[in-house]
Asker: 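The structure's right below; bear with me while I get my questions together.
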Amino acid sequence: MKVIIIPALKDNYIFLLVDKQTKNSIVIDPAESKPVLDYLNIHGLNLTHILNTHHHGDHIGGNAELKSQTGAKIVASSYDNHRIPGIDKIVTDNDEFILNGINFKVIYTPGHTLGHIVFYSSTFKALFCGDTLFSLGCGRLFEDTAAQMFNSLQKIKALPNDTAIYCAHEYSLNNARFATYIDPYNVALKEKLDNLTELRNNNQPTIPSILSAELACNPFLRTSNISIRQNLGLLNATELEVFTEIRLRKDNS
Ligand code: ZN
Ligand code: FE
């Protein structure tokens, strides 16, 4: 079993979970259908399921065509039932299910959108987190409050440290520059920036990241860090206040 990363649109990633033995596969957040259909055809794979983290077009754009071409079943959040067409399996917080022998657990993570969910797979030790967590960043608050996003990120922080983080966009390098401005003395972040720069120079995805690296480098997960607080002039603020300030500065950066 492996995770295939398929670049799509400007900076999206589509993830295809492939069982090489059975030739069955599951797609997560198909921004568009063509690159997925091409991959399936070239490798002789069946598509059994489509998993969506949220309703935005760059995450469900390929749903309809993939479903009609392959008969794949759509799995998505109960909160998005009214705005993701053709859902076959509605899931909600803490739901656990097995597809093609792969374990999934749903974690409800409102913040970017009201219905946003992420999929944790113990089979892959991986989190498919859509637009909730990015490497060195987090999703914009389109429908929800900073408090909701902050809470959602705490749930992700509680996952095993070695969880592979599969986020849906290649934003890492841009995020790294912002993170360096928030957290200028962080040595681990400097190393990560060098690493990301090299990957992007070679046109490689920076995804997946590892949760331990995000905990060490992602300012949105480091709201208790003294050096960041000092830099922001928020030494005695709550973690939520620090988070809100970092999100605001990112929005205005
Ligand atoms: Zn989105
Ligand atoms: Fe997106």
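Atoms within each ligand, like the ligands themselves, are counted from 1 in listed order. Note: hydrogens, waters and symmetry copies are ignored here, and every other heavy atom, side chains too, is used.
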Asker: Backbone or side chain, does His59 get an N/O/S atom under 2.8 Å to the Fe ion (ligand 2)?
Answerer: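 Yes, since at least one N, O or S atom of His59 sits under 2.8 Å from the Fe ion (ligand 2).
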Asker: Between Ile26, Ile165, Leu17, Ile117, which is the residue that forms a side chain to side chain contact (heavy atoms under 4.5 Å, CB included) with Phe128?
Answerer: Leu17
Asker: Examine His59 and say whether one of its N/O/S atoms is closer to the Zn ion (ligand 1) than 2.8 Å.
Answerer: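 Not a single backbone or side-chain N, O or S atom of His59 is under 2.8 Å from the Zn ion (ligand 1).
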Asker: Indicate yes or no: does Lys34 engage Asp38 in a salt bridge with an N to O separation below 4.0 Å.
Answerer: yes
Asker: Which of the N/O/S atoms in Asp58 sits closest to the Fe ion (ligand 2)?
Answerer: OD2
Asker: Distance check, rounded to the nearest 0.5 Å: His112 atom NE2 versus Thr132 atom OG1?
Answerer: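 Nearest 0.5 Å value for the NE2-OG1 distance: 7.5 Å.
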Asker: Considering only N, O or S atoms, which atom of His56 is nearest to the Zn ion (ligand 1)?
Answerer: ND1
Asker: Taking N, O or S atoms only and a limit of 2.8 Å, check whether Asp29 reaches the Fe ion (ligand 2).
Answerer: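 No, Asp29 does not qualify, because none of its backbone or side-chain N, O or S atoms lies under 2.8 Å.
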Asker: Using 2.8 Å as a strict upper limit, say whether an N, O or S atom of His169 approaches the Fe ion (ligand 2) that closely.
Answerer: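 Coordinating: yes.
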Asker: To the nearest 10°, how many degrees is the angle His54 NE2 to the Zn ion (ligand 1) to Asp131 OD2?
Answerer: 100°
Asker: Quick check: is Leu133 connected to Tyr108 through a chain of hydrophobic side chains (ILVMFWY, heavy atoms under 4.5 Å apart)?
Answerer: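 Different hydrophobic clusters.
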Asker: What's the spacing between Phe15 CZ and Asp29 CG if we round to 0.5 Å?
Answerer: 8.5 Å
Asker: Return the name of the atom in Asp131, of element N, O or S, nearest to the Fe ion (ligand 2).
Answerer: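 Answer by atom name: OD2.
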